[in-house]
Structures are given as structure tokens and as C-alpha cells.
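Written out below as C-alpha cells is the structure these notes cover.
Computed from heavy atoms alone, side chains included, the values below leave out hydrogens, waters and symmetry copies. Chain letters run A, B, ... following the sequence lines, proteins first and then strands; every chain starts at 1.
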Amino acid sequence: MLELQNLCMQFENAKHATLKNINLQIPEGSFTCIVGASGCGKSTLLNLIAGLTLPSSGSILLDGQPISGPGRDRVMMFQESALFPWLTVLENVCFGMKINNVPKAKQLEIAGHYLDMVHLSRFRDYRVHELSGGMKQRAALARALCMDSKILLMDEPFSALDKQTTNLLREELAQIWQQTKKTIILITHSVEEAVFFADRVLFLSEETANIAGEYVIDLPRPRHIESPEFIRYRQDILYQVRNEVEKIEHAEEMAG
Amino acid sequence: MPKKWPARPGKKAPWWGYLFFYMLLIGLWQLLYMLGVSLEWWKPYAFPNPAGVWQSLLSLSRDWNLLRAILYSLSRAALGFLLACLIGAVLGLLLLKLQLLSRYLKPLIMGVQTLPSICWVPFAILWFGLNQQAILFVVVMGSAFSIALAVESGMRNIDPIYVKAARTMGASGSKLIFRVIFPAALPNLLSGLRQGWSFGWRALMSGEVMSSAIGLGHTLMMGRDLADINQVMLVMIVIILVGVAIDKGVFSSIEERVLRQRGLA
Ligand SMILES: Nc1ncnc2c1ncn2[C@@H]1O[C@H](COP(=O)(O)OP(=O)(O)O)[C@@H](O)[C@H]1O
Ligand SMILES: [Mg+2]
């Protein structure tokens with residue numbers, strides 16, 4: 001269980017707090033998606049959970065223990081793959097295990113397993129620059145999964161990919177999540193993507209610098225984006241998000 | 001103006017193209033020399049000419065004199081460069097680690113770095129006398145600071161996303177430095193070392209012309225003492241060729257391999 005308590009983030013040179021008093025509980029094994037306009041603080045929130053930045057106030061507890069820095073129990077994936085260009089695919093995938101002194105044989109076994117899972121076994125000796133965008137994200141996913149972390153943090157992992165690749169990777173991630181039952185927190189600006197993955201969608205509002213909406217997605221898996229129920233959820237959330245955005249625009253007009 | 005900007009570097013010419021071009025250039029040079037002599041623009045011994053340079057090469061090659069000078073200079077340069085790397089690395093890492101020190105010290109280092117290395121020669125002679133150490137000192141002073149600055153900026157200016165990713169996988173401390181920051185900075189570091197070497201090579205020549213130790217610089221000055229313009233020219237050409245050979249053969253080829261591995265070249 002991950003717990004955020006009165007979490008605030010105020011950057012030194014910013015006028016307003018980016019995050020204000022966020023309280024949130026994320027149960028183990030759940031898939032949570034955070035949506036919101038760009039610049040509303042999604043990445044900031046994820047970086048805080050990762051421990052890459054420290055909050056201005058408030059705390060984050062993982063299984064009751066406060067988080068004070070980054071750790072291998074919370075692996076993060078980014079929009080750009082962040083794979084290391086000086087290593088091969090296999091070496092990249094093994095990187096985290098090597099850092100954590102996993103024996104070589106074990107590394108290869110685990111890496112082989114996850115490379116299979118993301119369909120990259122044939123490309124294990126490729127260099128990063130020889131991979132397509134989708135393959136890079138797959139490799140990054142395998143690298144993250146190898147860590148066997150409690151939580152997987154994903155910051156818009158598919159938003160730099162084309163539509164077709166995105167769809168393919170979404171299917172794969174949904175499957176992988178069902179196989180591994182890992183706690184995943186995924187940031188996206190696509191409501192469709194959020195409804196596709198999430199047990200629960202959180203809407204982060206720039207205006208309130210807090211979570212302005214929470215939607216439990218009670219749909220069977222695998223989910224189909226064309227199904228009427230799916231579309232209903234998507235419309236619902238989009239409608240409320242749009243209201244929120246209009247409120248902000250209105251407020252800005254009044255102010256300006 | 002080229003039509004496209006940035007203009008693409010042209011394709012490399014074939015080797016026989018280069019051979020032809022430089023043979024032609026040398027031929028023209030010889031013609032110019034003979035023309036100058038016959039029109040009495042200069043005395044035969046006052047202007048270098050290819051045939052004379054060739055003669056110098058033959059006479060300096062007897063008794064292995066030239067080769068010995070090259071080897072002495074190169075080993076001195078290599079030793080100085082190694083020392084400069086050591087000092088540069090330590091200084092660079094200090095600048096990287098100690099923000100406050102960096103803020104105050106960097107302007108000084110950048111200032112000293114602009115000092116032409118020949119300006120260190122009098123200082124070195126006063127400290128060490130006219131000997132090997134003095135030359136080495138000049139080489140180190142000529143290249144260590146540029147290496148330090150390259151180490152500092154090279155390590156600082158890596159893509160922070162690599163560090164972020166590694167930290168969430170549990171990397172920290174020396175593992176983060178040696179497995180992530182250092183390899184990420186490697187292309188920057190290599191180009192810094194290459195520049196450091198070229199500063200060092202120039203500094204070495206400044207030192208050697210002043211001293212009586214065997215080396216290319218000394219051979220150059222011997223040419224002056226003998227009033228042998230062809231020997232002077234020959235040694236200058238050799239200094240250029242050795243410099244280019246090391247730059248291309250060692251630094252450039254390592255750099256290229258690293259960049260190609262990462263898809264950057
Ligand atoms: N290191 C930082 N220093 C100052 N301001 C920052 C920093 N990181 C993010 N911000 C600001 O915080 C806000 C939220 O940024 P971010 O979390 O990246 O948004 P999102 O990921 O939702 O697009 C932005 O206004 C951004 O300018
Ligand atoms: Mg973001």
C-alpha cells in the first residue's frame with residue numbers, strides 16, 4: 001500500500017504550489033492512471049513517489065515506511081526510453097540487476113524471461129540506436145520488470161509513439177499487468193488510455209493543484225475500446241475533465 | 001552560400017586524389033623556388049625547397065637522428081599528457097563536486113587556460129632549470145586545465161534522464177558515477193582529452209625549442225643554428241605529421257568508435 005499524506009510541492013521559483021495537500025492511497029496490485037492537462041504537475045507527482053525529488057511538505061509511505069529517496073522498489077519508466085546508448089539491449093535489461101548484485105546466471109535467466117515477454121529476444125544484442133521507438137519502450141519495460149519492484153511508475157510511456165505502436169504496446173502492457181499483478185501508476189494525457197488500463201483514474205487539476213476527480217473503472221478485462229461501456233466511461237470522464245478545463249479558462253478570463 | 005544549411009561535408013576524396021593534389025602542390029613549390037632563385041627574389045639558401053627538404057630528411061635519417069627525436073618528443077608528450085590527465089581529472093571532479101569552489105576557481109582556471117603555453121617557459125626554467133622537468137611542466141600546464149574544464153562540463157552536461165532512470169533502479173554513489181555518469185559523459189570526455197593532447201603537443205614544442213634535450217623542438221632549433229632553412233622546414237613538417245598522426249590515429253579513431261557504437265556518427 002502506497003500512501004500520500006498532505007503532500008505539497010512548491011518549486012522555489014514558482015508563484016503557485018504545483019501540488020497542494022494531496023491525500024491518496026494506492027492499494028497493492030492496483031493499476032492507477034493519472035490524467036490531467038500538460039503542466040498540471042503529473043510528472044512532479046510521479047517524481048515525488050519515485051523519490052527523485054523531495055516534497056515541500058507532507059509524506060509518502062510505502063507499506064508504512066516513509067520514502068526518503070529513490071529505491072529499487074519503485075522503478076520508473078519515462079516518455080523517452082532512457083535506455084543507455086553505450087549498452088546493448090540485454091545489458092540494458094540486466095543493468096538494474098547488476099547494480100543490485102544479482103548473480104550473472106540469474107540475471108540472464110530473468111532478462112531472458114522478460115525479453116521474451118516483450119518480444120525482443122531476437123534483438124538482445126542490438127544497440128539502442130538500432131531499435132524503433134516501440135522497441136525501445138519494450139526494452140525499457142523489460143528492464144523495469146526485471147527489477148521485480150513493488151511499484152512500477154510510468155510517465156507517459158507511450159505518448160511519443162505512433163498510434164499503431166501505441167495500441168500494440170497497450171495490449172501488451174495490459175496482458176503483462178494481468179500476468180504480474182504489479183502495482184502500476186501510469187501517467188497519461190489520454191483519457192482513453194486511462195480507461196483502458198486503470199482500476200481507478202485520477203484527474204489532477206492544475207487549478208486546485210490537487211486531485212479533482214476519481215473514477216473507478218469497473219470493466220472486465222481484456223477491455224475493448226469500442227465497447228459501449230468503455231465509451232460511456234470515456235465520455236463521462238472527458239465531460240468532467242472538460243468542465244474543469246473550462247472552469248480554469250473562465251477563471252483566467254475573469255482574472256485577465 | 002551553399003544551397004543547403006548546414007552544408008554537408010563533402011565526400012572524402014580517394015587516396016590517389018590526395019596523392020595527386022599534394023604531389024602537384026610540392027611540384028608548384030619547387031617551381032616557385034626555382035623561379036625565385038632565377039629572378040633573384042631570394043638566395044638559394046634563404047628559401048626552403050622540396051629537394052632540399054628531401055636532402056635534409058636523408059641526412060637527418062642517417063644515424064636515426066630524426067627517428068630518435070620523434071620518439072623522445074612523443075614519449076615526453078605522452079608522459080606529460082598522462083600527468084595532465086591525472087591532474088585534470090582530479091581538478092575537474094573537484095570542480096564538479098564542490099559548487100562553491102567551482103564558482104570562485106573556474107574564472108581563474110579559464111583565465112590561465114588562455115595563457116599561451118610558451119609563457120610558462122621562463123617560469124619553468126626558473127623553477128627547474130633547462131631540463132626535462134621544465135619541459136614536462138610546460139606540457140602539463142598547457143593541457144591540464146583544458147582537460148579539467150572538459151571533465152567538469154562533460155560530466156555535468158549529460159542527459160539527466162539516465163541518472164534518474166538509474167537511481168530508480170537503485171544506483172547511487174560510485175556505481176552511479178562509474179556505470180552511468182562516466183559512460184554517458186564519455187564522448188564529451190574524449191573530445192576534451194583530444195583537445196588537451198593538442199594543447200600539450202604545442203606546449204611541448206614551446207618547451208623543447210628552449211632546451212637542449214633531444215627532441216623535435218631541439219632539432220628545429222639546430223636547423224636555425226646551422227642556418228639550414230630546409231632542415232627547419234623539414235622538422236616543421238614532421239611536427240605537423242606526428243601531431244596529425246596521433247590526433248587521427250589515436251584520438252579520432254577511439255572517438256569515432258564510441259560514437260558509432262551509440263549511433264552518433
Ligand atoms: N524542477 C522544477 N523547477 C521549477 N518548476 C518546475 C520544475 N519541475 C516542474 N516544474 C513546474 O511544475 C509544473 C508541473 O510540471 P510537470 O509536473 O512536469 O507537469 P506535467 O507532467 O503534468 O506536464 C509546471 O508548471 C512546471 O513548470
Ligand atoms: Mg510530464
Side-chain angles (χ1 to χ4, degrees), chain A residues 43 46-53 67-88 91-102 125-131 136 139-155 157 185, chain B residues 8 89 92-93 96-97 99-100 102-103 150-151 153-194 250-265:
Chain A
S43 297
L46 211 63
N47 281 326
L48 285 170
I49 297 174
L52 289 169
T53 39
I67 283 172
S68 59
R72 53 164 302 192
D73 47 4
R74 287 154 285 131
V75 175
M76 182 133 154
M77 253 183 84
F78 305 85
Q79 183 175 334
E80 319 92 274
S81 71
L83 293 172
F84 303 131
W86 56 91
L87 300 177
T88 64
E91 287 164 345
N92 263 291
V93 172
C94 287
F95 177 87
M97 296 188 281
K98 197 167 173 184
I99 287 287
N100 289 287
N101 303 320
V102 175
D125 295 322
Y126 277 48
R127 296 269 164 189
V128 174
H129 69 94
E130 296 169 307
L131 304 179
K136 281 182 196 165
L141 179 59
R143 179 172 77 169
L145 291 171
C146 282
M147 299 300 298
D148 196 25
S149 61
K150 281 193 189 134
I151 300 181
L152 182 54
L153 305 169
M154 308 177 91
D155 191 352
I185 305 174
Chain B
R8 296 239 220 138
L93 291 177
L96 194 67
K97 265 285 184 214
Q99 290 290 327
L100 196 67
S102 165
R103 201 167 304 153
V151 167
S153 74
M155 305 272 270
R156 192 188 295 287
N157 296 326
I158 61 169
D159 191 339
I161 200 167
Y162 297 137
V163 175
K164 278 189 179 184
R167 288 178 73 206
T168 73
M169 288 186 279
S172 64
S174 64
K175 277 185 182 167
L176 191 61
I177 292 176
F178 290 111
R179 299 258 171 91
V180 181
I181 298 176
F182 178 72
L186 193 58
N188 300 342
L189 295 179
L190 284 176
S191 71
L193 289 186
R194 181 180 179 180
V250 179
F251 290 93
S252 194
S253 74
I254 296 176
E255 213 175 332
E256 208 166 285
R257 204 161 62 204
V258 167
L259 292 182
R260 198 163 25 207
Q261 188 190 61
R262 300 175 186 207
L264 297 171

**Request:** Check the pair D125(A) / T88(A) against side-chain hydrogen bond (donor to acceptor under 3.5 Å, both in side chains), numbers first and verdict last.
**Result:** CA-CA 5 Å; D125(A) 295 322; T88(A) 64; 5.0 Å; no

**Verdict with reasoning, N47(A) to M76(A), per side chain to side chain contact (heavy atoms under 4.5 Å, CB included)** = CA-CA 9 Å; N47(A) 281 326; M76(A) 182 133 154; 3.2 Å; yes

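Side-chain N/O atoms of S43(A) and D155(A) include a donor and acceptor closer than 3.5 Å.
Interface check for chain B: of the options C146(A), A140(A), G71(A), the most heavy-atom pairs under 4.5 Å are formed by G71(A).
Interface residue V180(B): backbone and side-chain heavy atoms are both found under 4.5 Å from chain A. Only the side chain of R127(A) comes within less than 4.5 Å of a heavy atom in chain B; its backbone stays farther off. Heavy atoms of V128(A) lying under 4.5 Å from chain B are absent altogether. Contacts between L153(A) and chain B at a heavy-atom distance below 4.5 Å are absent for every atom of the residue. Interface remark: E130(A) contributes no atoms to any contact with chain B (heavy atom separation under 4.5 Å).
Other residues, nucleotides and ligands place no more than 12 heavy atoms under 6.0 Å from the CZ atom of F182(B).
Both the sub-6.0 Å distance and the 45° axial angle are satisfied by R143(A) relative to the ring of F84(A).
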